[in-house]
Amino acid sequence: MKVQNDKVVAVSYALEVEGQIADKSAPGAPLEYIHGTGMLLPKFEAALQDKEPGDTFDFVLSPEDGYGKYDPSYVIALPKTAFAIDGQVREDLLVVGRTIPMLNQAGQVVQGTVREVTDSTVKMDFNHPMAGKTLHFTGKVESVRSATEKELTEGLHGEYLPQEGGCKGGCHKGEGDCGCNGDCKGEGDCNCDGGCQK
């Protein structure tokens with residue numbers, strides 16, 4: 001069976017960025033996704049189109065085809081009080097390099113990385129961690145099968161079901177992004193206009 005739309009595809013893979021392995025599937029635990037539903041990067045899915053179990057892949061995605069260019073406007077200085085819980089600033093969380101989930105103005109969770117901490121502010125970077133990076137993927141198609149009606153409606157793990165405080169239906173959250181194809185604008189706000197655009 002070939003990799004085509006509405007097929008559940010399992011791939012073992014490694015992602016190399018700047019000469020280092022940035023991510024890989026665990027042995028015996030391939031990444032599973034439903035092809036053609038926007039769960040993965042469009043160019044990643046396009047590179048696997050029509051492959052069959054046992055086929056290998058080796059391709060490179062530019063930043064534009066991956067997680068977009070790095071946008072300095074997504075780096076925002078927030079007051080330290082934004083990190084207070086019950087009136088106490090969580091200094092233990094404010095470590096340079098740490099990723100912290102935060103709520104934007106629409107009540108959605110966005111991931112920000114701590115870039116700098118001063119006495120009164122915290123500089124947060126809401127770019128995707130892979131923004132501006134060239135992505136080199138290698139791997140193998142492990143299996144391909146037809147998705148069930150339930151999987152097409154609800155997702156492999158219920159990811160299409162409405163989530164409290166998050167995007168409703170059709171939004172695919174992945175790897176620390178806001179689920180809106182990188183459209184986070186200022187103040188960590190995911191500019192989705194009420195629905196994620198593909």
(message) Counting C-beta onward and ignoring hydrogens, is there a side-chain heavy-atom pair between Val122 and Met124 closer than 4.5 Å?
(response) yes

(request) Give, for atom CZ of Phe83 and atom CG of Leu94, the distance between the pair rounded to the nearest 0.5 Å. (result) 6.0 Å

(request) Using modelled atom types only, decide if a donor and an acceptor are shared between the side chain of Lys80 and the backbone of Thr118 within a distance under 3.5 Å. (result) yes

(message) Quick one: does any side-chain atom of Asn104 pair with a main-chain N or O of Gln108 as donor and acceptor, under 3.5 Å?
(response) yes

(request) Answer yes or no: is there a donor N or O on one side and an acceptor on the other, between the side chain of Asp23 and the main chain of Leu15, under 3.5 Å? (result) no

(message) If we ignore hydrogens and angles and just use 3.5 Å, is the side chain of Thr121 paired with the main-chain N or O of Pro79 as donor and acceptor?
(response) no

(message) Return the CZ to CD1 distance between Arg115 and Ile76, rounded to the nearest 0.5 Å.
(response) 13.0 Å

(message) Using a 3.5 Å distance criterion without hydrogens, assess whether the side chain of Arg98 forms a donor-acceptor pair with backbone atoms of Asp92.
(response) yes

(message) If you count every heavy atom of other residues, nucleotides or ligands that lies below 6.0 Å from Lys24 atom NZ, does the total exceed 12?
(response) no

(request) Rounded to the nearest 0.5 Å, what's the gap from CG on Leu156 to OG1 on Thr148? Could you check? (result) 8.0 Å

(message) Closer than 4.0 angstrom, basic N to acidic O: yes or no for Glu64 and Lys43?
(response) no

Can I get a per-line list of side-chain donor-acceptor pairs under 3.5 Å for residues 2-11, giving both atom names and the distance, sequence neighbours left out?
{"from": "Gln4", "atom 1": "NE2", "to": "Asp50", "atom 2": "OD1", "distance (Å)": "3.2"}
{"from": "Lys7", "atom 1": "NZ", "to": "Ser146", "atom 2": "OG", "distance (Å)": "3.1"}

(request) Look at atom CD of Gln88 and say whether more than 12 heavy atoms of other residues, nucleotides or ligands are closer to it than 6.0 Å. (result) no

(message) I'd like to know if the side chain of Glu159 reaches the main chain of His157, judged simply by a donor and an acceptor atom lying under 3.5 Å from each other, with no hydrogens or angles considered.
(response) yes

(request) Taking the side chain as every heavy atom from C-beta outward, state whether Phe126 and Thr113 have any atom pair closer than 4.5 Å. (result) no

(message) Can you tell me if Glu149 has over 12 outside heavy atoms packed within less than 6.0 Å of its CD?
(response) no

Pairs under 3.5 angstrom only: tabulate donor-acceptor contacts from the side chains of residues 51-59 to other protein residues two or more places apart or in another chain.
{"from": "Lys51", "atom 1": "NZ", "to": "Thr56", "atom 2": "O", "distance (Å)": "3.4"}
{"from": "Asp55", "atom 1": "OD2", "to": "Glu52", "atom 2": "N", "distance (Å)": "2.8"}
{"from": "Asp58", "atom 1": "OD1", "to": "His136", "atom 2": "NE2", "distance (Å)": "2.7"}

(request) Decide yes or no for Val60 and Thr134: does some side-chain heavy atom of the first lie under 4.5 Å from some side-chain heavy atom of the second? (result) yes

(message) Apply side-chain contact (heavy atoms from CB on, under 4.5 Å) to residues Met39 and Ile34 and explain how you reach the verdict.
(response) CA-CA 7 Å; Met39 292 177 73; Ile34 302 174; 4.1 Å; yes

(message) Between Glu45 and His35 (side chain of the first, backbone of the second, donor and acceptor by atom type, cut-off under 3.5 Å), is there such a pair?
(response) no

(request) Please lay out, stage by stage, how Gln111 and Thr99 fare under the test side-chain hydrogen bond (donor to acceptor under 3.5 Å, both in side chains). (result) CA-CA 6 Å; Gln111 303 291 332; Thr99 300; 5.8 Å; no

